[in-house]
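Before I ask anything, here is the structure I am working with.
For the numbers below, each heavy atom of this structure counts, side chains included, while hydrogens, waters and symmetry mates do not.
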Amino acid sequence: MRCVRSLTVAWIGVTSVFAGPALGEPLPDDGEANATNHRDATFLYFTGADLWRKGGTSYGGALWSPGGLNADGFTLKMLLAGGDYLYRSWTTDIRGIGLAASVLPGYRIKRGDLEVKIYAGLDVQHHWTLPDDPGNRLRGTHLGARVNLDAWWEPLPARMMVATTLTASTIGGSYGARAATGWRLLDRFWAGPEIETSGDRNYQQYRVGAHLTSLQFAGYEWAFGGGYVRDNSRRSGLYGRFSVLTRR
């Protein structure tokens, strides 16, 4: 049986969607490009969804920086995510469903045009399958630890960005990585290519696509992404996602 993956993709969505001056996405996840308009904000709220062939996720969460979202220092990241996925056990298609919650204390460091956020904390996941699959070791509730690193760099300030996110959990040996670059267009948003990979001990997924990040509309920041996805079961297709955030 091919082991079911955990909610790695949901986590990548969260930390990468705000990748723009931000993951959406969500990769640093707090939209730094327009930070000058929110100098006194201490909370950032985000939500979004990620869909691909045979599965999808949705998520929501918040960042709290008591010293301000644009200041060096302590940051607390909280996330709730849920999703479903399809895998094959022998000759039977199984639908896996999972929920994940994390509380991740961290620290923000900004030096010139480079910003890095590092988080580590509690990871809680619950998985079940339809029909029931006794061979799936992820079934049930699990407690573990998660680490997350987000980086945002503007080699050409206000013109070109590079963002990366790395995440890993002790639950199922899951991991995720995303890298994106982009250019500032119309002085309104960032756009460019992205690549991602995620998985666990037995399942891997690979993506290549494009993103549009930090689009200001109706008082919120929006991010979108889409492209081609393939996994190690040789299933392939398209993926798409969106996220939205606000600061208070």
Side-chain angles (χ1 to χ4, degrees), residues 10-51 56-83 101-104 106 108 110 113 115-117 119 148 150-154 156-163 165 178 180-192 194 209-226 239-248:
W11 280 96
I12 289 185
V14 175
T15 57
S16 63
V17 167
F18 297 119
L23 44 201
E25 20 92 98
L27 282 156
D29 35 25
D30 46 284
E32 297 300 333
N34 302 286
T36 55
N37 298 324
H38 305 274
R39 291 190 183 278
D40 298 326
T42 57
F43 284 92
L44 181 148
Y45 303 97
F46 59 86
T47 187
D50 187 332
L51 300 175
T57 62
S58 59
Y59 54 85
L63 297 181
W64 175 52
S65 298
L69 293 172
N70 304 310
D72 283 9
F74 175 80
T75 296
L76 180 66
K77 185 175 189 175
M78 297 162 284
L79 174 71
L80 178 65
S102 289
V103 179
L104 306 174
R108 177 184 187 269
K110 185 173 177 62
D113 299 311
E115 177 183 339
V116 177
K117 297 187 186 74
Y119 305 96
N148 182 196
D150 298 331
W152 175 271
W153 177 44
E154 294 183 21
L156 300 175
R159 295 174 57 192
M160 179 183 179
M161 49 72 67
V162 178
T165 281
R178 176 181 180 268
T181 188
W183 294 264
R184 192 73 174 163
L185 300 179
L186 306 176
D187 199 30
R188 294 194 61 197
F189 57 86
W190 302 86
E194 65 179 13
H211 71 95
L212 185 156
T213 301
S214 289
L215 174 65
Q216 301 285 321
F217 180 73
Y220 296 89
E221 282 188 32
W222 300 80
F224 303 89
Y239 73 89
R241 70 163 179 267
F242 84 93
S243 68
V244 59
L245 64 85
T246 186
R247 302 174 187 78
R248 295 289 184 270

> If every non-hydrogen atom of Tyr239 is compared with every non-hydrogen atom of Ala210, which pair is closest and at what distance?
Replying inline: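 Between these two residues, the closest heavy atoms are OH-N, 4.3 Å.
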>> I'd like to check the side chain to side chain contact (heavy atoms under 4.5 Å, CB included) partners of Phe43; sequence neighbours left out, ordered by chain and number.
In response: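 Result, side chain to side chain contact (heavy atoms under 4.5 Å, CB included) vs Phe43: Tyr45, Trp64.
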>> Nearest 0.5 Å, please: how far is OG1 in Thr47 from CG in Leu80?
In response: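 Rounded to the nearest 0.5 Å, the CG-OG1 separation comes to 9.5 Å.
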> How long is the gap from CH2 on Trp152 to NZ on Lys110, to the nearest 0.5 Å?
Replying inline: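 One gets 10.0 Å once the value is rounded to the nearest 0.5 Å.
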> So Tyr59 and Ser243, side-chain contact (heavy atoms from CB on, under 4.5 Å) or not? Walk me through it.
Replying inline: CA-CA 9 Å; Tyr59 54 85; Ser243 68; 3.5 Å; yes
>> Using the side-chain hydrogen bond (donor to acceptor under 3.5 Å, both in side chains) criterion, which residues pair with Asp113? Sequence neighbours excluded.
In response: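 Expected list: none.
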> Please, which pairs that meet salt bridge (charged side-chain N to carboxylate O under 4.0 Å, His left out) have at least one residue in residues 56-71, sequence neighbours excluded?
Replying inline: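 Listed by first then second residue: nothing to list.
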>> Can you confirm whether the side chains of Thr246 and Arg248 place a donor and an acceptor under 3.5 Å from each other?
In response: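 Yes, a side-chain donor-acceptor pair sits under 3.5 Å.
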>> Can you confirm whether Asn148 sits close enough to Thr165 that some side-chain heavy atom of one is under 4.5 Å from a side-chain heavy atom of the other?
In response: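 Yes, close enough: below the 4.5 Å cut-off.
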> Do you know which two heavy atoms are closest between Glu194 and Gly225, and how far apart they sit?
Replying inline: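 Answer, listing the atom of Glu194 first, then Gly225: OE2-CA, 4.3 Å.
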>> Test of understanding: with side chain to side chain contact (heavy atoms under 4.5 Å, CB included), list the residues that count as partners of Thr75, not counting sequence neighbours.
In response: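 Expected list: Leu63, Ser65, Arg108, Tyr119.
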> For the residue pair Leu185 and Ala191, what are the closest heavy atoms and their distance?
Replying inline: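 The pair with the smallest heavy-atom distance is CD1-CB, 3.8 Å.
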>> With rounding to the nearest 0.5 angstrom, report the OG1 to CH2 distance, Thr181 to Trp190.
In response: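 Separation between the atoms: 9.0 Å.
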>> I need the Leu44 CG to Phe46 CZ distance, nearest 0.5 Å.
In response: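 These two atoms lie 7.5 Å from each other.
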>> Just so I know, are the side chains of Leu51 and Arg241 near enough to count as touching, which here means a heavy-atom distance under 4.5 Å?
In response: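 A side-chain contact is absent here, since even the closest heavy-atom pair is not under 4.5 Å.
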> How far does NZ of Lys117 sit from NZ of Lys77, to the nearest 0.5 angstrom?
Replying inline: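 Answer for the NZ-NZ pair, Lys117 versus Lys77, is 8.5 Å.
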>> Let's go through Leu104 and Met78 carefully: what are the C-alpha distance in whole Å and the side-chain angles of both, what is the deciding distance for side-chain contact (heavy atoms from CB on, under 4.5 Å) to 0.1 Å, and is it a yes or a no?
In response: CA-CA 6 Å; Leu104 306 174; Met78 297 162 284; over 6 Å; no
>> Run the side-chain contact (heavy atoms from CB on, under 4.5 Å) test on Asp150 and Val116 for me, step by step, so that the C-alpha distance in whole Å, both residues' side-chain angles and the decisive distance to 0.1 Å come before the verdict.
In response: CA-CA 6 Å; Asp150 298 331; Val116 177; over 6 Å; no
>> Rounded to the nearest 0.5 Å, what separates atom CZ in Phe189 from atom CD in Glu221?
In response: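 It is 13.5 Å, given to the nearest 0.5 Å.
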>> For the residue pair Asp50 / Thr57, report whether a side-chain donor-acceptor contact shorter than 3.5 Å exists.
In response: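 No pair is found: no donor N or O on one side chain lies under 3.5 Å from an acceptor on the other.
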> Is it true that atom OH of Tyr220 has more than 12 heavy atoms of other residues, nucleotides or ligands lying nearer than 6.0 Å?
Replying inline: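 Not buried by this count: 12 neighbours or fewer within 6.0 Å.
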> Does some side-chain heavy atom of His211 sit less than 4.5 Å from a side-chain heavy atom of Arg178?
Replying inline: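 Arg178 vs His211: side chains touch.
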